[in-house]
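Structure first, then comments.
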2 protein chains.
Amino acid sequence: MSGFGPGDPFLADCPARLAVELIADKWTVVVLYGLSRGPVRHGELIEVIGGISRKMLTQTLRRLEAHGLIRRHAYAEVPPRVEYELTPLGATLIDPIHMLTEWARANGDAVLDALDADPEPVAHSD
Amino acid sequence: MSGFGPGDPFLADCPARLAVELIADKWTVVVLYGLSRGPVRHGELIEVIGGISRKMLTQTLRRLEAHGLIRRHAYAEVPPRVEYELTPLGATLIDPIHMLTEWARANGDAVLDALDADPEPVAHSD
DNA sequence: CAGAATCCTTAGAGATACTG
DNA sequence: CAGTATCTCTAAGGATTCTG
């Protein structure tokens, strides 16, 4: 046997794909990480996350909310204050995310080295 | 202090973003997982990964190759045979990926429950 | 301050057909 | 079998403007 059968939990349509689709966009992981230390306000996230636009932040937050990973608290104050925090379910994703960041810390340089050793996407003509 | 300073390793421009950008697309993680058990041929990956097109597979493989995470072996045979395998560097990414799949296995249902408890992306008018 | 709504520009991604 | 090359379409994502 060379590998994976049709019932493999990761490949093809299976629950594990969910994790990838949840994470496979530009901002989801960053936002979750930003919430990993406790409740944070909308504006704080904008400042702390480099380069995210208001639109993308809100959109990402809504998606995470719909998936049950974060909760939104709107306080009836003026000026308005809204805080987001991880749900217990969302908190379970922090460990995997931390593993990713640790990986990047440890291996980021190696990847960058490989990148400029081989700058252009090689076309394999053989 | 409420959270993250400008020097935080994850947010803003920093090496940890690399991990996200590497992973934040539809197929990268799936392909890496597909290679986690040893060298695999192009065609095998197509079969084993549900729904990927030839184009996207090749494109993903090229990118991973350029980042130094996988290696390509083309055998001068007929019919042609090409195998891909993780580099030592690429192998270090398998643990974090496994954590993601474990997470999905454990919490996938909870996410789906949350999704159909709240089917449409709520517009917060408050 | 938080966010909804619009417009606009690309990148992502599938389908198909062709080559060594 | 492995891969490249187009063509096309959609959706991601940014900038900007407007409102409670």
Side-chain angles (χ1 to χ4, degrees), chain A residues 2-3 12-13 17 20-31 34-35 39-66 70-85 120-126, chain B residues 2-3 12-13 17 20-31 34-35 39-66 70-85 120-126:
Chain A
S2 63
D13 272 331
R17 275 288 173 86
V20 182
E21 282 167 19
L22 212 53
I23 278 189
D25 78 85
K26 206 175 176 183
W27 298 114
T28 299
V29 174
V30 188
V31 169
L35 296 175
V40 186
R41 303 184 56 168
H42 182 102
E44 288 180 284
L45 284 171
I46 292 279
E47 285 168 26
V48 110
I49 299 175
I52 197 172
S53 65
R54 240 192 268 292
K55 175 186 163 187
M56 291 316 296
L57 175 59
T58 301
Q59 187 174 305
T60 304
L61 290 168
R62 292 292 170 278
R63 218 173 106 251
L64 292 174
E65 196 187 3
I70 68 173
R71 194 142 34 213
R72 197 183 98 109
H73 296 285
Y75 299 92
E77 299 174 0
V78 45
R81 179 166 61 104
V82 179
E83 285 188 346
Y84 295 89
E85 67 176 340
E120 39 219 271
V122 188
H124 293 294
S125 42
D126 47 9
Chain B
S2 64
D13 273 330
R17 274 288 172 86
V20 181
E21 281 167 21
L22 213 52
I23 278 190
D25 79 87
K26 205 174 177 183
W27 298 116
T28 299
V29 174
V30 188
V31 169
L35 296 173
V40 186
R41 303 183 54 169
H42 183 101
E44 288 181 283
L45 284 171
I46 292 278
E47 285 167 26
V48 107
I49 298 176
I52 197 172
S53 65
R54 235 189 269 290
K55 175 188 160 187
M56 289 317 296
L57 176 58
T58 301
Q59 186 173 305
T60 304
L61 290 169
R62 292 291 170 280
R63 217 173 107 252
L64 292 173
E65 196 187 2
I70 68 173
R71 193 142 32 213
R72 197 184 99 108
H73 296 284
Y75 298 92
E77 301 174 0
V78 45
R81 180 165 60 103
V82 178
E83 285 187 345
Y84 295 89
E85 68 176 342
E120 42 217 272
V122 188
H124 293 295
S125 44
D126 48 9

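Here is how names work: the chains are called A, B, and so on, in the same order as the sequence lines, proteins then strands, and each is numbered from 1. Worth saying up front: this structure is predicted, and the values here are computed from it rather than measured.
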Report task. Report the nucleotide, chosen from C/dG14, D/dC1, D/dT4, that has the shortest atom-to-atom distance to any side-chain atom of B/P79. Result -> D/dC1
Requested in this report: Would you kindly give the CD1-to-C1' distance between B/I46 and D/dA2, to the nearest whole Å?
Outcome: 10 Å
Report task. Considering just the side-chain nitrogens and oxygens of B/R54, establish if one lies under 4.0 Å of OP1 or OP2 belonging to C/dA15. Result -> no
Query raised in the report: Heavy-atom distance under 4.5 Å between the side chains of B/V30 and B/I52, does that happen here?
Result: no
Requested in this report: For B/I52 and for A/R41, find the nucleotide of DNA chain C with the closest heavy atom, then tell me which residue's nucleotide is more 5'.
Outcome: A/R41
Query raised in the report: What is the distance from NE2 of B/H124 to C1' of D/dT19, rounded to the nearest Å?
Result: 17 Å
Query raised in the report: Between C/dA2, C/dG14, D/dG3, which one does the side chain of A/H42 approach most closely?
Result: C/dA2
**Report entry** Distance-minimising heavy-atom pair for B/R54 and B/I46
**Finding:** CA-CD1, 3.7 Å
Query raised in the report: Of B/R72, B/R41, B/H73, which meets side chain to side chain contact (heavy atoms under 4.5 Å, CB included) against B/V82?
Result: B/R72
Query raised in the report: Can you tell me how far P of D/dC1 sits from CG of B/L57, to the nearest Å?
Result: 14 Å
Requested in this report: Would you kindly give the CZ-to-P distance between B/R81 and C/dG20, to the nearest whole Å?
Outcome: 23 Å
Report summary line: 5'-most contact on DNA chain D (nearest-nucleotide basis), A/P80 vs A/S53, goes to A/S53
**Report entry** Length of the line joining A/K55:NZ and C/dC7:P, which is rounded to integer Å
**Finding:** 12 Å
Report task. Mind checking B/Y75 for me? I need base, sugar-phosphate or nothing, with any heavy atom below 4.0 Å counting as a touch. Result -> nothing
Query raised in the report: Closest to the B/D25 side chain: D/dG3, C/dA13, D/dG13?
Result: C/dA13
Report task. Calculate the interatomic distance between A/L61 atom CG and C/dC1 atom P; express it in whole Å. Result -> 17 Å
Report summary line: B/E47 CD to D/dA2 C1', in whole Å, measures 13 Å
Query raised in the report: For the pair made of NE2 in A/H73 and C1' in C/dA2, what is the distance, rounded to whole Å?
Result: 16 Å
Report task. Run through B/T60, B/L64, B/V31 and flag the one making a side chain to side chain contact (heavy atoms under 4.5 Å, CB included) with B/I70. Result -> B/L64
Report task. Take A/R63 and A/D25, measure what side-chain contact (heavy atoms from CB on, under 4.5 Å) needs, and give me the verdict at the end. Result -> CA-CA 11 Å; A/R63 218 173 106 251; A/D25 78 85; 3.2 Å; yes
Report summary line: From the candidates D/dG3, C/dA4, C/dA13, the one with an atom nearest any side-chain atom of A/R62 is C/dA4
